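Okay, structure first, notes after.
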2 protein chains.
Amino acid sequence: MVSIKDIAKQVGMSPSTVSRVINGKKYVNPEKRAEILRLIKETGYVPNKAARSMVMQRSFSVGIVIPDTFNMFQRQLFSIIERHLESFGYHTLFFFVKSDEASEEECLRRMKSEQLDGVILIQEIKNPRFYSYLLDMGLPSVCTTFAYDRIPSVHVDEEQAAFDGVMHLLNLGHREINMVNGAGVNFGLQRAEGYFKALASAGLPRDESRIVYVRSLTAESGMYGMRELLLRGGRNFSAVFAATDELAMGTIRVLRDEGIRVPEDVSVVGFDDIEISNYSIPRLTTIRQPLLEMGERTALMLHRSIVNRDAVESDAVLPYRLIIRESTARVG
Amino acid sequence: MVSIKDIAKQVGMSPSTVSRVINGKKYVNPEKRAEILRLIKETGYVPNKAARSMVMQRSFSVGIVIPDTFNMFQRQLFSIIERHLESFGYHTLFFFVKSDEASEEECLRRMKSEQLDGVILIQEIKNPRFYSYLLDMGLPSVCTTFAYDRIPSVHVDEEQAAFDGVMHLLNLGHREINMVNGAGVNFGLQRAEGYFKALASAGLPRDESRIVYVRSLTAESGMYGMRELLLRGGRNFSAVFAATDELAMGTIRVLRDEGIRVPEDVSVVGFDDIEISNYSIPRLTTIRQPLLEMGERTALMLHRSIVNRDAVESDAVLPYRLIIRESTARVG
DNA sequence: ATGAAAGCGCTAACAT
DNA sequence: ATGTTAGCGCTTTCAT
């Protein structure tokens, strides 16, 4: 592998000068610079990242912490974040964590060993030590899709968004509305709260038995959730609010298998607006999270707090939007 | 950040000894070892990866090259590969590449700078220099989901799989079968070949106008492709073979919008068997690629060629399987 | 404008 | 069994 020394030797200059050229520093004779640049291109020289990151005490990389079972929304989100991070000159390291103690611990270890410039969390970590570590190290971080006090975050007003989704159902005349929700995630609680508040605004009681909490946010879990609801109350509902689009797809699948038509018999509202929601049968009515903007803001926010370590970033609460498509209809 | 020196000082030993303990080498007094281990735990010491990778001339990381617009099958695949790689002790770096020259070039640069232990390609790279680089550097690599001469690969027999998919349609009595295919990917060509061979085996002519090539492998592109086919020949078909499940979803969407029922009016076969294919309406008949096994074999193969640099790995051609669900039916 | 030298944190060869 | 030393490739004072 060709190194900075090789280049230096070939042009008869010192490594320092070559380093200056590479880093675009001043105080280099334009002619020498040109020659060095030419040689760099010619030899295909590329700086060794480990060496550079050792001496500079930073890695030019940011870590993205994401559940190993990330859903499609999260997948789309991290692609966007990755793209923006790249435009700021960072590389991206993914840390897939399972939601158990050991995995979070391992993730922490890796993060330490990597000399990260910053961290983005797309997953609520259970272990409080995790956050303490970030804070103690003064490691720039931002949370996205959820909020954590003391770490800046980018998200939507979950509760209000859920409220609006359920209001849409209410406006369509639905009164018996179930919810399929994710367990163990904070936004699940917030979305449930919005759901209850909307019902309350229509004078409907808070009925916990109308919510089922499932372990993951996938279609598979959605099926499980809907079956459970059917078991609990039979067909005592005319609408379902699902905490994610994937959950909604599973819900619709079960309904369909039971011979219940969507939206003729039962209306379904999702949350996220992932790509296929616009292609599925029926197209899904859902609450769109502003994916592009969330990704952009997240990357920007992190970049800013890396560049200016003691600037305090404030949370960005972005606008969501109810997208009405085919899975909801006036109550029959 | 606590370093190996700090640990050494605190136990009154040399850094070498500490290093030996960390790396589980022999020749260290059990008591000292225990004490050092204790201190490591106590201080939360974690080795600096950059330093280690500089002196050892390797990074303990493998790069996964994947299209920036990766589809769901690829997403599922890389999750699995990542998991296995981790179990072998590697970290995973993702290289998202667009399919343009500049992006491939940039990817190459990054790969050089990272001192990778190995590379996995989930994407056919256009630029031959890319492969040359891998080969010249003696960098262990494996291709997955496609084959490249001179680099070991893990894949299914694309042509035969496509053949079987189309045979299923033929067996159902279909004779007018269209294909929605991905442009610019090698396996697209192979799947087309299987499609033609199946048709030929039923005495049907090779009609290029029945294939449409679309730019990506998404549902969006699938819609585009189906519309184009409709434009070309109207309803001159009773079945469609789509080169990926996502393409199939888009295809079905357009059909539905045209009032054409699946499978009553038109049968659709996909390829991949991604998760939602089992939840979509209708559930998709498709050719399953052995995701788990492909991921495992890919990781294992790479690991072996890293450990044993001059062992020659042979291609792994894994068994696919036709999964018959609801999107295909006997011709009406 | 340029070079010499030190040092980032670690491992490995060589002593002992 | 353990310490000493050199050096991985680079950036960054500090001289000049």
Side-chain angles (χ1 to χ4, degrees), chain A residues 1-37 39-40 43-61 89 91 109-117 137, chain B residues 1-37 39-40 43-61 89 91 109-117 137:
Chain A
M1 208 58 295
V2 32
S3 85
I4 206 173
K5 271 189 192 169
D6 303 321
I7 304 282
K9 202 168 295 170
Q10 288 191 51
V11 288
M13 312 211 65
S14 75
S16 326
T17 306
V18 179
S19 172
R20 287 189 188 98
V21 171
I22 290 165
N23 295 288
K25 303 258 167 147
K26 284 170 39 169
Y27 306 127
V28 176
N29 183 317
E31 292 175 23
K32 307 268 185 193
R33 158 166 282 139
E35 191 180 344
I36 291 173
L37 249 19
L39 205 57
I40 286 178
T43 54
Y45 166 78
V46 171
N48 180 309
K49 209 186 137 203
R52 169 180 268 185
S53 104
M54 178 153 53
V55 48
M56 298 182 77
Q57 300 283 50
R58 50 171 295 204
S59 61
F60 310 94
S61 306
H91 292 162
R109 281 182 53 81
R110 266 190 68 201
M111 288 182 31
K112 282 192 192 182
S113 77
E114 299 276 3
Q115 299 270 15
L116 295 179
D117 289 4
M137 296 290 297
Chain B
M1 211 58 288
V2 31
S3 86
I4 206 173
K5 272 189 190 167
D6 302 322
I7 305 282
K9 203 169 295 172
Q10 287 191 52
V11 287
M13 312 209 67
S14 76
S16 327
T17 308
V18 179
S19 172
R20 287 191 187 98
V21 171
I22 291 166
N23 295 290
K25 303 259 166 144
K26 283 171 39 170
Y27 305 128
V28 39
N29 183 317
E31 293 177 23
K32 308 269 186 192
R33 159 167 278 140
E35 192 180 344
I36 290 173
L37 249 20
L39 204 57
I40 286 177
T43 54
Y45 165 79
V46 171
N48 180 310
K49 209 187 138 203
R52 168 179 269 184
S53 103
M54 179 151 54
V55 49
M56 298 181 77
Q57 300 284 49
R58 51 172 293 205
S59 62
F60 309 95
S61 305
H91 292 163
R109 281 181 54 79
R110 266 189 68 201
M111 287 182 31
K112 282 191 190 178
S113 79
E114 300 276 2
Q115 299 271 11
L116 295 179
D117 288 5
M137 297 289 297

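Keep in mind it's a predicted model, so treat the numbers as computed, not measured.
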Figure out the [atom1]/[atom2] separation between [X] and [N], and round it to whole Å.
{"X": "A/M56", "N": "D/dC8", "atom1": "CE", "atom2": "P", "result": "21 Å"}
{"X": "A/N23", "N": "D/dT13", "atom1": "CG", "atom2": "C1'", "result": "15 Å"}
{"X": "B/R52", "N": "D/dG9", "atom1": "CZ", "atom2": "P", "result": "18 Å"}
{"X": "A/M54", "N": "D/dC10", "atom1": "CE", "atom2": "P", "result": "11 Å"}

Query raised in the report: For A/K9, what residues pass the side chain to side chain contact (heavy atoms under 4.5 Å, CB included) criterion, not counting sequence neighbours?
Result: none
Counterpart residues, side chain to side chain donor-acceptor pair (under 3.5 Å), relative to [X] (two or more places apart):
{"X": "B/E114", "answer": "A/K49, A/H91"}
{"X": "B/S53", "answer": "none"}
{"X": "B/S19", "answer": "B/N23"}
{"X": "A/S59", "answer": "none"}

Report task. Tell me, please, the opening and closing nucleotides of DNA chain C, 5' to 3', among those with an atom under 4.0 angstrom from a non-hydrogen atom of chain B. Result -> C/dG9 to C/dA13
Query raised in the report: For B/K49, which contact category applies under a 4.0 Å heavy-atom criterion: base, sugar-phosphate, or nothing?
Result: nothing
Query raised in the report: Side chains of B/Y45 and B/I22: closer than 4.5 Å at any heavy-atom pair?
Result: yes
Report task. Please tell me if the side chains of B/D6 and B/T43 come closer than 4.5 Å, counting only heavy atoms from C-beta onward. Result -> no
Under 3.5 Å, which N/O atoms of the protein pair with N/O atoms of nucleotides 1-3 of chain D?
{"residue": "D/dT2", "atom": "OP2", "partner": "B/N29", "partner atom": "N", "Å": "2.5"}
{"residue": "D/dG3", "atom": "OP2", "partner": "B/S14", "partner atom": "N", "Å": "2.9"}
{"residue": "D/dG3", "atom": "OP2", "partner": "B/S14", "partner atom": "OG", "Å": "3.1"}
{"residue": "D/dG3", "atom": "OP2", "partner": "B/T17", "partner atom": "OG1", "Å": "2.7"}
{"residue": "D/dG3", "atom": "O6", "partner": "B/R20", "partner atom": "NH2", "Å": "2.6"}

Please report, to 0.1 Å, the donor-acceptor pairs under 3.5 Å made by any side chain of residues 27-37 of chain A, with sequence neighbours excluded.
{"residue": "A/N29", "atom": "OD1", "partner": "A/E31", "partner atom": "N", "Å": "2.7"}
{"residue": "A/R33", "atom": "NH2", "partner": "A/K25", "partner atom": "O", "Å": "2.6"}

Report task. Sequence neighbours left out, what passes salt bridge (charged side-chain N to carboxylate O under 4.0 Å, His left out) with B/K112? Give chain and number order. Result -> none
Requested in this report: Return each pair, listed once, that meets salt bridge (charged side-chain N to carboxylate O under 4.0 Å, His left out) where at least one residue sits in residues 14-23 of chain A; pairs must be two or more places apart or across chains.
Outcome: none
Over all heavy atoms of both residues, which pair between [X] and [Y] is shortest? Give the atoms and the distance, please.
{"X": "A/P15", "Y": "A/A8", "answer": "N-CB, 3.6 Å"}
{"X": "A/V11", "Y": "A/L39", "answer": "CG1-CD2, 3.6 Å"}
{"X": "A/V46", "Y": "B/R109", "answer": "CG1-O, 3.5 Å"}

Report summary line: Angle separating the five-pair end axes of the helix from C/dA1-D/dT16 to C/dT16-D/dA1, nearest 10°, is 40°
Query raised in the report: Is there a residue in residues 109-117 of chain A whose heavy atoms reach under 4.0 Å of DNA chain C, and which residues are they?
Result: none
